[in-house]
Amino acid sequence: MAGETLEPTRGKLERSLSQGIEALYRSQLGQQTSHAVCHLLDNKLIIIIENGVTQPEKLLAQNGHQDLALQVRSQLESVLEVQLKDLIKEVLGVGVTDLLSDATLETGRTGTIAILESAPKVRDSSSKSKTQPATSES
């Protein structure tokens, strides 16, 4: 067993991606997201970002320029697409085939579905249950 490397758990990959996405939004958009959540389902990745819409987008939408705000959001997503795909590939070890994104300006949430080339290799987290203490019956 010496020299064997354990694959990361699904939860570890999801947390790493969430942190990376928050850092990407901070560095590229100057946007402090309140929370990014990632869920890995076989060869699909679901990303939900709370407070992912920038202040200029909100300002445009609140002042009757909804269409322009949506155009700005679309352009931002387009610019970030390559970096997001690179981040996903770096963390999961598999490439992205397709990236589908949308945002709701009213709530500030953004959602992205990434279709992956294949399911990433993850360690089965059920092995944790073997380390749980046995319950004693009275």
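Residues: numbered from 1 along the sequence shown.
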(message) Restricting to non-hydrogen atoms, name the atom on Ala61 and the atom on Ala69 that form the minimum distance, rounded to 0.1 Å.
(response) N-CB, 3.9 Å

(request) Please examine the side chains of Ile113 and Ile115, heavy atoms only from C-beta on, and report whether any two atoms are closer than 4.5 Å. (result) yes

(request) Go through the structure and list residues passing side chain to side chain contact (heavy atoms under 4.5 Å, CB included) with Asn63, not counting sequence neighbours. (result) Leu59, His65

(message) Which residues pass the side chain to side chain contact (heavy atoms under 4.5 Å, CB included) test with Pro120, not counting sequence neighbours?
(response) Leu40, Leu92, Val94, Leu116

(request) Kindly state each residue pair satisfying salt bridge (charged side-chain N to carboxylate O under 4.0 Å, His left out) with at least one member in residues 19-45, sequence neighbours excluded. (result) none

(request) Using the side-chain contact (heavy atoms from CB on, under 4.5 Å) rule, pick out the option among Val91, Ile47, Thr110 that qualifies with Ile21. (result) Ile47

(request) Kindly write out the residues that satisfy side-chain hydrogen bond (donor to acceptor under 3.5 Å, both in side chains) with Lys58, not counting sequence neighbours, or none if the list is empty. (result) Asn51

For residues 95-107, please give each side-chain donor-acceptor pair under 3.5 Å, one per line with the distance, not counting sequence neighbours.
from, atom 1, to, atom 2, distance (Å)
Ser101, OG, Thr112, OG1, 3.1
Glu106, OE2, Gln66, NE2, 3.4
Thr107, OG1, Arg109, N, 3.3

(request) Keeping the roles fixed (side chain from Glu50, backbone from Gly108), state whether a donor-acceptor pair exists under 3.5 Å. (result) no

Kindly list each side-chain donor-acceptor pair under 3.5 angstrom involving residues 76-89, sequence neighbours excluded, with atom names and distances?
from, atom 1, to, atom 2, distance (Å)
Glu81, OE2, Lys85, NZ, 3.2

(message) Going by side chain to side chain contact (heavy atoms under 4.5 Å, CB included), name the residues that satisfy it together with Lys12, two or more places apart in sequence or in a different chain.
(response) Pro8, Thr9, Arg15, Ser16

(request) Spell out, as yes or no, whether a donor-acceptor pair under 3.5 Å connects the side chain of Ser27 to the backbone of Ala23. (result) yes

(request) If you link ILVMFWY side chains whenever their heavy atoms are less than 4.5 Å apart, which other residues fall into the same cluster as Ile48? By chain and number, please. (result) Leu41, Ile46

(request) Please identify each residue that fulfils side-chain hydrogen bond (donor to acceptor under 3.5 Å, both in side chains) with Thr33, with sequence neighbours left out. (result) none

(message) A side-chain contact here means heavy atoms from C-beta on lying under 4.5 Å apart; do Glu7 and Val122 qualify?
(response) no

(request) Show which residues join Val37 in its hydrophobic cluster (side-chain heavy-atom contacts under 4.5 Å, direct or indirect), or state none. (result) none

